[in-house]
Amino acid sequence: MTGSLRNRHLVAVAVFAMIAVFTLAAVAAPAVDSKASASSSRNEAVSKPHDNTQRKSSHRRLTFIDVFFLTPERGFAAGSGGILFSTTDGGRNWDKRTIGDDDLRQIYFQDGGARGWILTDTGILRTDDAGETWTPSAPPEPRAVRRIYFVNPQVGWLLGGTGLIFKTTDGGKTWRRQSSGVKENLRKIACFTARSCIVAGERNTLLNTSNGGQTWIKRSPKIARYFDINAVQVTDAGTAWALAVTYKTAYLLQSRNRGRTWEIASRTLDENSRLIHFFDGRRGVLLDAIAISYTEDGGSTWNDGWPGGPLLNSFFFLNDKLAWAVGDFETILHTEDGGKTWVKQHDDGVVPVPHDR
């Protein structure tokens, strides 16, 4: 990312922080009675069907952490304090509820239908009715709650701290541990097929398997060990992409042979880079802390898609055109052109968010 773009990011962050401080001070309200709040939480059990109720949160800063869409109309945004928003019209309107007190770190549906999962700070929630109800599901190991991923309705993986990898072949009913060969915390996984997958983690950790995880082989690129691999993504053509991030810099990595070897595609990314989504060997989208950019030349140059606003945490591409991004202050963005332009669909009304240009 160019120097001017980096400076613009720094200025945007500083301005945003000043706006947030003054705005939140202006809307400060008397403290909520702790007993009343606890009672409200108990009344909103995780198994309660969706009834469009909403716990009062006008003076609470709520953050969306993850987003997932089943169809162009049906989707979810999950975040801090157990908040779960859902839409049935592509994001024009959102129903709100709370399904617990823990932060909801990841929401995922394994077959585009009824069965889905939410990973929290402390455990797992599962739904078998397309998100109407959510019930606790014990993880195979308490630390294995960092990432869930299914390559088909039956075969999937759970990642965790200290190199933990668990695989299911029965849709998540049972999990069997696999040997990763590493002790680093594992963060992301992406698969070409049920046998060919890549796992990314801290301290320059990239693993790949060609036999469904019976063996995982470390394939770290030629970069310093203090880089963390925060994202990995694969394309139908066999190309894989990854984000290597450390203090003050980030690299875009590319593999042309399903993760066996890696090369640096770009050294000019911002250190706040968080996620990538590539459609092929050249066209891709990058989400950093405040902005979204796109490339059409494999990462050599990047163009503004969303110029900046509240901090962003995640995005989800349903196909090569439709995607949603989420972040602080209940921010939800939407694109219909593969990430080149974004419009705001929702925020909490406290901090202004830039509209589409």
Side-chain angles (χ1 to χ4, degrees), residues 1 5-29 54-69 75-87 90-94 96 98 103-107 230-231 243 245 250 269-277 285-294 302-317 323-336 339-357:
M1 203 164 286
L5 186 56
R6 183 186 301 272
N7 291 336
R8 190 200 67 194
H9 284 184
L10 294 175
V11 172
V13 171
V15 171
F16 173 73
M18 292 176 65
I19 293 174
V21 169
F22 286 115
T23 305
L24 292 178
V27 300
Q54 180 185 11
R55 189 161 56 185
K56 298 297 182 182
S57 60
S58 59
H59 303 302
R60 235 176 114 206
R61 175 178 172 179
L62 298 179
T63 295
F64 286 130
I65 301 172
D66 200 23
V67 58
F68 194 99
F69 268 71
F76 297 86
S80 62
I83 61 166
L84 182 66
F85 282 24
S86 62
T87 181
R92 289 183 293 275
N93 297 282
W94 293 86
K96 313 172 187 180
T98 303
D103 290 348
L104 310 181
R105 294 291 176 183
Q106 184 195 3
I107 181 166
N230 287 345
L243 272 178
V245 181
L269 302 186
D270 190 272
E271 71 270 19
N272 293 308
S273 300
R274 297 188 174 183
L275 286 177
I276 48 172
H277 183 91
V285 182
L286 168 74
L287 179 144
D288 70 26
I290 62 170
I292 303 175
S293 306
Y294 68 93
W302 295 89
N303 308 291
D304 287 343
W306 177 258
L311 299 181
L312 300 174
N313 293 313
S314 184
F315 60 19
F316 178 84
F317 276 81
W324 290 260
V326 296
D328 282 8
F329 297 102
E330 299 181 14
T331 299
I332 302 175
L333 310 177
H334 177 50
T335 181
E336 296 183 352
K340 292 183 178 179
T341 60
W342 298 77
V343 297
K344 181 188 67 173
Q345 286 191 324
H346 185 273
D347 66 24
D348 67 0
V350 174
V351 175
V353 180
H355 290 271
D356 55 304
R357 295 174 293 174

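The structure displayed is predicted, hence computed values, not measured ones.
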*Supply the atom-to-atom distance Leu275 CG to Ser314 OG, rounded to the nearest 0.5 angstrom.*
5.0 Å
*Check: Glu330 and Phe85 side chains under 4.5 Å, non-hydrogen atoms*: yes
*Donor-acceptor under 3.5 Å (Ser80 side chain, Thr63 main chain)*: yes
*Who are the side chain to side chain contact (heavy atoms under 4.5 Å, CB included) partners of Ala325, not counting sequence neighbours?*
Leu287, Ile292, Phe315, Leu333, Trp342
*Residues in side chain to side chain donor-acceptor pair (under 3.5 Å) contact with Arg274, at least two apart in sequence or another chain*: Asn313
*asked:* Give me the atom names and distance for the closest heavy-atom approach of Leu104 to Ala78.
replied: CB-CB, 3.8 Å
*Counting only N and O atoms by type, is there a donor-acceptor contact under 3.5 Å from the side chain of Asp66 to the main-chain atoms of Ile107?*
yes
_Check: Ala291 main-chain N/O paired with Asp288 side-chain donor or acceptor under 3.5 Å_ = yes
*With the side chain counted from C-beta on, respond yes when Phe64 and Ile332 share a heavy-atom pair under 4.5 Å apart, and no when they do not.*
yes
*Which residues satisfy the ring-ring contact (aromatic ring centres under 6.0 Å, His included) test with His334, sequence neighbours excluded?*
Trp324
*ring-ring contact (aromatic ring centres under 6.0 Å, His included) with Tyr294: which residues, sequence neighbours excluded?*
none
*asked:* Looking at Leu286, is its backbone amide N or carbonyl O close enough to the side chain of Ser293 to form a donor-acceptor pair, meaning the two atoms are under 3.5 Å apart?
replied: no
*Would you say Gln345's side chain and Gly90's backbone share a donor-acceptor pair under 3.5 angstrom?*
yes
*Distance-only, no hydrogens or angles: does the Thr87 side chain make a donor-acceptor pair with backbone N or O of Asn93 under 3.5 Å?*
yes
*Would Thr331 and Asp347 count as having a side-chain donor-acceptor pair, cut-off 3.5 Å?*
no
*Taking the side chain as C-beta and beyond, is there a heavy-atom pair between Leu312 and Ile290 under 4.5 Å?*
no
*Any chance you could measure Phe316, atom CZ, to Phe68, atom CZ, to the nearest 0.5 Å?*
4.0 Å
_Contact check, side chains of Phe317 and Val285, non-hydrogen atoms, under 4.5 Å_ = yes
*Show your working on side-chain contact (heavy atoms from CB on, under 4.5 Å) between Val67 and Phe76 and close with a plain yes or no.*
CA-CA 6 Å; Val67 58; Phe76 297 86; over 6 Å; no
_Contacts of Asp103 that satisfy salt bridge (charged side-chain N to carboxylate O under 4.0 Å, His left out) - sequence neighbours left out_ = Arg105
*State, to 0.1 Å, how close Trp94 and Gly75 come at their nearest heavy-atom pair, and which atoms those are.*
CZ3-O, 4.1 Å
*At what distance, to the nearest 0.5 angstrom, does OG of Ser86 lie from CZ of Phe69?*
9.5 Å
*Are Trp302 and Leu269 side-chain neighbours, meaning at least one heavy-atom pair lies under 4.5 Å?*
yes
